2 protein chains.
Amino acid sequence: MAHRSALVPVAPKLSSRQEQLLEALRRAGRELSGQDLHARLRASATPMGLATVYRHLRQLQQWGRVRCRHLPSGEALFAPTECDEHHLTCVDCGQTHRLEHCPVHALELSGEELRGYLPLFHTLEFYGLCPDCQRRQRRTASEAVEAAGQSASLPSA
Amino acid sequence: MAHRSALVPVAPKLSSRQEQLLEALRRAGRELSGQDLHARLRASATPMGLATVYRHLRQLQQWGRVRCRHLPSGEALFAPTECDEHHLTCVDCGQTHRLEHCPVHALELSGEELRGYLPLFHTLEFYGLCPDCQRRQRRTASEAVEAAGQSASLPSA
DNA sequence: GCTCAATCTGGGAATCATTCTCATTTATGG
DNA sequence: CCATAAATGAGAATGATTCCCAGATTGAGC
């Protein structure tokens, strides 16, 4: 991934609260929601209000230091941009798995496609049905078919 | 893209309301939010309540007929899965552009990585700052620097 | 055509993450 | 120590989505 220092127009020194927030994200070792972060910092020596957490998250995102993705539930998850990972998520139960091997290596947009944007980060997310939810849905479907009262099939799963 | 017919466990005939919803999405020619769809259908001969819109959208998503992505604002946008496109979105103002050329062609997960999931769809989204927001931020930053009444420099990183 | 049960539907309340408001606190410079 | 600006957080406001439930619709069986 290209280093941001050369590109970002505002490459600001972070305030101590911003450092604190980013550090908490790094320590977590996994993506956290705004609420998660608030809860974690609440326990620390210098708690941070929810409004402040969200304010800084947005700022850090615009500075390219933090990226954000959304679960199917709508919950927003944040992580440091240097932690560039992708996921496989069940659209039913919401369970998500980190992908070990990034399926795309050099992921970049051409200059033309950039339209003058300053690139900050990207998300690549896969969605599907996890084995449990597949089973549950198959079961429900069978019941529906039975209820529909038919003859022939039930292609033996 | 692999056709779903062979894969999806429940490849159900859609109810007429579900067809109506999917058709509205197709006609729109762009991604729509649940609220958008509700508003559009409200005008039709057979309006659909908000609860029903969301119910069917979820169901269609689990059947692999509809995919969903989230704007930075958290708003969820839906589109038919056959319409497989990606975007470049400004993390500040939220403006989004459709990418004309998909930057990745064959995007697939290995069997091992699938963990038994039934793949339904994926999203690949790029985020950055649009030219306007870059300018605005540069301006703000300069003011800040002036206000800070500098001297030497930003201790680089 | 009629009856009954199961399903579908939509209005409105409930939820919940996020944002906004604004009074207070903190930092900075003089 | 004073004055001004920036940062902060408590709590209200917002807004999308989901939940609840009573009424409407459907389809099977008669």
Side-chain angles (χ1 to χ4, degrees), chain A residues 10 12-21 31-62 66 68-78 91-94 140-141 143-151, chain B residues 12-21 31-62 66 68-78 91-94 140-151:
Chain A
V10 188
K13 22 179 196 312
L14 305 186
S15 74
S16 73
R17 309 310 299 280
Q18 289 168 341
E19 288 287 8
Q20 180 188 6
L21 194 58
E31 304 163 303
L32 295 178
S33 68
Q35 305 281 348
D36 289 340
L37 277 163
H38 173 59
R40 294 202 172 204
L41 295 178
R42 174 180 288 288
S44 81
T46 52
M48 193 181 299
L50 205 42
T52 307
V53 168
Y54 282 111
R55 255 192 303 256
H56 286 320
L57 281 174
R58 198 175 347 144
Q59 185 64 81
L60 288 172
Q61 176 169 270
Q62 291 183 17
V66 153
C68 164
R69 69 167 180 127
H70 290 264
L71 292 181
S73 66
E75 196 181 12
L77 296 181
F78 297 86
V91 294
D92 194 352
C93 66
T140 306
E143 283 160 11
V145 169
E146 279 157 24
Q150 262 75 28
S151 46
Chain B
K13 19 179 201 310
L14 306 187
S15 74
S16 74
R17 308 312 298 280
Q18 289 168 341
E19 288 287 9
Q20 180 189 6
L21 195 57
E31 304 163 303
L32 296 178
S33 68
Q35 304 281 348
D36 289 340
L37 277 164
H38 174 59
R40 294 202 172 204
L41 294 178
R42 174 181 286 289
S44 82
T46 52
M48 193 181 298
L50 205 42
T52 307
V53 168
Y54 282 111
R55 254 193 304 258
H56 286 319
L57 281 174
R58 200 178 342 145
Q59 185 64 81
L60 288 172
Q61 176 169 271
Q62 291 183 16
V66 153
C68 164
R69 70 168 178 125
H70 290 264
L71 292 180
S73 67
E75 196 181 12
L77 296 181
F78 298 86
V91 294
D92 194 352
C93 66
T140 308
S142 314
E143 285 160 12
V145 168
E146 279 157 25
Q150 57 348 37
S151 55

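Just so we're clear, the structure is a prediction, and the values are computed from it rather than from any experiment.
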*asked:* Just the rounded figure in Å: distance from C1' of C/dG10 to CG of B/Leu21.
replied: 15 Å
*Can you tell me the distance, in whole Å, between the NE2 atom of A/His38 and the C1' atom of D/dG11?*
12 Å
*Classify the nucleic acid contact of A/Arg17 as base, sugar-phosphate or nothing, counting any heavy atom under 4.0 Å across all strands shown.*
sugar-phosphate
*asked:* Rounded to the nearest 0.5 Å, what separates atom CZ in B/Arg42 from atom CZ in B/Arg40?
replied: 14.5 Å
*Calculate, to the nearest 0.5 Å, the distance between atoms CD and CG belonging to A/Gln18 and A/Leu57 respectively.*
10.0 Å
*Of A/Val53, A/Val66, A/Leu14, which is the lone residue that meets side chain to side chain contact (heavy atoms under 4.5 Å, CB included) with A/Leu21?*
A/Val53
_If you compare every side-chain N and O of B/His56 against the phosphate oxygens of C/dT9 (OP1, OP2), does one of them come in below 4.0 Å?_
yes
*Are a donor atom and an acceptor atom from the side chains of A/Gln20 and A/Arg17 found within less than 3.5 Å of each other?*
yes
_Nearest-angstrom distance from the residue atom CG of A/Leu14 to P of D/dA6_ = 19 Å
*Could you tell me the separation between the CG atom of B/Leu71 and the P atom of C/dT18, rounded to a whole number of Å?*
15 Å
_Between C1' on D/dA16 and NE2 on B/His70, what's the gap in Å once rounded to a whole number?_
11 Å
*Take atom CZ of B/Arg58 and atom P of C/dT9, then tell me their distance rounded to the nearest Å.*
14 Å
*Spatial distance of atom CG (B/Leu37) from atom CD (B/Glu31) [nearest 0.5 Å]*: 11.5 Å
*With B/His38, which of B/Leu50, B/Thr52, B/Leu32 fulfils side chain to side chain contact (heavy atoms under 4.5 Å, CB included)?*
B/Leu50
_If you assign each of B/Ser15 and A/Gly34 to its closest nucleotide in DNA chain C, which residue comes earlier from the 5' end?_
B/Ser15
*Roughly how far, to the nearest 0.5 Å, is the OH atom of A/Tyr54 from the CD atom of A/Gln35?*
4.0 Å
*Could you give the angle between the helix axes at the two ends of the helix from C/dG1-D/dC30 to C/dG30-D/dC1, with five pairs per end, rounded to 10 degrees?*
30°
*Which comes earlier along DNA chain C counting from the 5' end, the contact point of B/Ser73 or that of B/Arg42, where each point is its nearest nucleotide?*
B/Arg42
*Heavy-atom protein contacts under 4.0 Å, nucleotides 12-17 of chain C, coded B base, S sugar-phosphate only, - none*: -----S
*What is the distance from CD of A/Gln59 to C1' of D/dT8, rounded to the nearest Å?*
15 Å
*If every non-hydrogen atom of B/His70 is compared with every non-hydrogen atom of A/Gly74, which pair is closest and at what distance?*
CE1-CA, 3.8 Å
_A/Leu57 CG - C/dT18 P separation (whole Å)_ = 9 Å
*Of all heavy-atom pairs between A/Pro47 and A/Ala45, which one has the smallest distance, and what is that distance?*
CD-O, 3.4 Å
